[in-house]
A.B. asks: 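Below is the structure I would like to discuss, written out as C-alpha cells.
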Amino acid sequence: MRKAEIALRITLSQMQDARISFPSHNQQQEWASLVALKEPLLQNVWGFVDGKNYRVHSPTHPDRQNALYNGVFCYGVDGTLVWVRMNCPGSWNDGDIVQPLVEKLSDDRYMCPGYAITADSAFLVTGNAFQRIITPLKEGDLNRSSPETRLALEALCSAITSIRQAAEWGMGSAS
C-alpha cells in the first residue's frame, strides 16, 4: 500500500491539472483585479481560506467524529486549489491548522507585498497573519467601534462576507 501511495504522489505531481501549487505574483494580481471588480472595497485580495470538518462514515459517537478529521483549503478566486492541509484532529481550530499557510503568506517570495486572502472570523489574525488574512468583524466588534467608523467598517465587513461566499461554495467541491 505504501508503494501505491508513493506511485500516486509521483504521478500526480507530474500532471499539471492535478497539482496544488501556490499562485505566482502575476496570478495573484490577476485574481485580485477580479475580486476588486466584484467588491471595489477589497483591493489586493486574491483568495479564500476555509476549514472543513469531514464526517466519519457511521461514527460510533458524535464526539469521536469531531476528534478525527479536519482540513483547511485555500482557493484562488477562480476556484483553483492553491493550498491544503487535511487529516488534522477535529479538535484543532482553523487557526492552528493554517499556520503553515500563514508562514507562506508572510513570505514575499510567495505572496505579493500588500496582498491578502479572506477567511471567516474563526481564523486568528495576529502576528504574521496580520494584513495577510482579512476577516469580517467578530460579533460585537462593530458596536465597540467609534460611531465615525461604523458605516465604513460595516461596508468592508459586508464586502468580505460577500466575496468569501465563494469559499463556502468551493468547500462543497472538496467533499
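In what follows, residues are counted from 1 in the order of the sequence shown.
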A.B. asks: Which other residues belong to the hydrophobic cluster containing L142, where Ile, Leu, Val, Met, Phe, Trp and Tyr are joined when side-chain heavy atoms lie under 4.5 Å apart, directly or via other members?
C.D. replies: L137, L153
A.B. asks: Would you give the length of the straight line joining atom NZ of K38 to atom CD1 of I163, rounded to the nearest 0.5 angstrom?
C.D. replies: 6.5 Å
A.B. asks: Atom CG of L156 and atom OG1 of T161: how far apart are they, to the nearest 0.5 Å?
C.D. replies: 9.0 Å
A.B. asks: Can any side-chain N or O of R164 pair as donor or acceptor with the backbone N or O of V49 at less than 3.5 Å?
C.D. replies: yes
A.B. asks: If I take atom CH2 from residue W46 and atom CE from residue M111, how far apart are they, to the nearest 0.5 angstrom?
C.D. replies: 5.5 Å
A.B. asks: Just jot down the side chain to side chain contact (heavy atoms under 4.5 Å, CB included) partners of C112, sequence neighbours excluded, or say none.
C.D. replies: H25, Q28, Q29, Y115
A.B. asks: Given side chains that start at C-beta, do those of I160 and T135 come closer than 4.5 Å, heavy atoms only?
C.D. replies: no
A.B. asks: List the atom of N44, the atom of G114, and the distance in Å for their closest heavy-atom pair.
C.D. replies: CB-O, 3.4 Å
A.B. asks: Going by atom types only, do S24 and N26 share a side-chain donor-acceptor pair under 3.5 Å?
C.D. replies: no
A.B. asks: Do W83 and L105 pass the side-chain contact (heavy atoms from CB on, under 4.5 Å) test, and can you show the C-alpha distance, the side-chain angles, and the key distance before you say yes or no?
C.D. replies: CA-CA 11 Å; W83 186 90; L105 294 173; over 6 Å; no
A.B. asks: Using every non-hydrogen atom in the two residues, find where C74 and L101 come nearest and quote the distance to one decimal.
C.D. replies: CB-CD2, 4.1 Å
A.B. asks: Quick one: which residue pairs count as a salt bridge (Lys or Arg N to Asp or Glu O under 4.0 Å) with a foot in residues 143-156, not counting sequence neighbours?
C.D. replies: D141-R144
A.B. asks: Please give me the minimum heavy-atom distance between F48 and V77, naming the atom from each residue.
C.D. replies: CE1-CA, 3.5 Å
A.B. asks: What heavy-atom pair brings L42 and A159 nearest, and what distance separates the two atoms?
C.D. replies: CD1-O, 3.5 Å
A.B. asks: Do V35 and T118 come within less than 4.5 Å of each other through their side chains, counting heavy atoms only?
C.D. replies: no
A.B. asks: Measure across S162 and E39 and return the closest heavy-atom pair with its distance rounded to 0.1 Å.
C.D. replies: OG-OE2, 2.9 Å
A.B. asks: Take atom CG of L151 as the centre, draw a 6.0 Å sphere, and report whether it contains more than 12 heavy atoms from other residues, nucleotides or ligands.
C.D. replies: no
A.B. asks: Between D78 and E30, is any pair of side-chain heavy atoms under 4.5 Å apart?
C.D. replies: no
A.B. asks: So, do P23 and T80 sit near enough that their side-chain heavy atoms are less than 4.5 Å apart?
C.D. replies: no
A.B. asks: Quick check: closest heavy atoms across S145 and T149, and the distance to 0.1 Å?
C.D. replies: CB-OG1, 3.8 Å
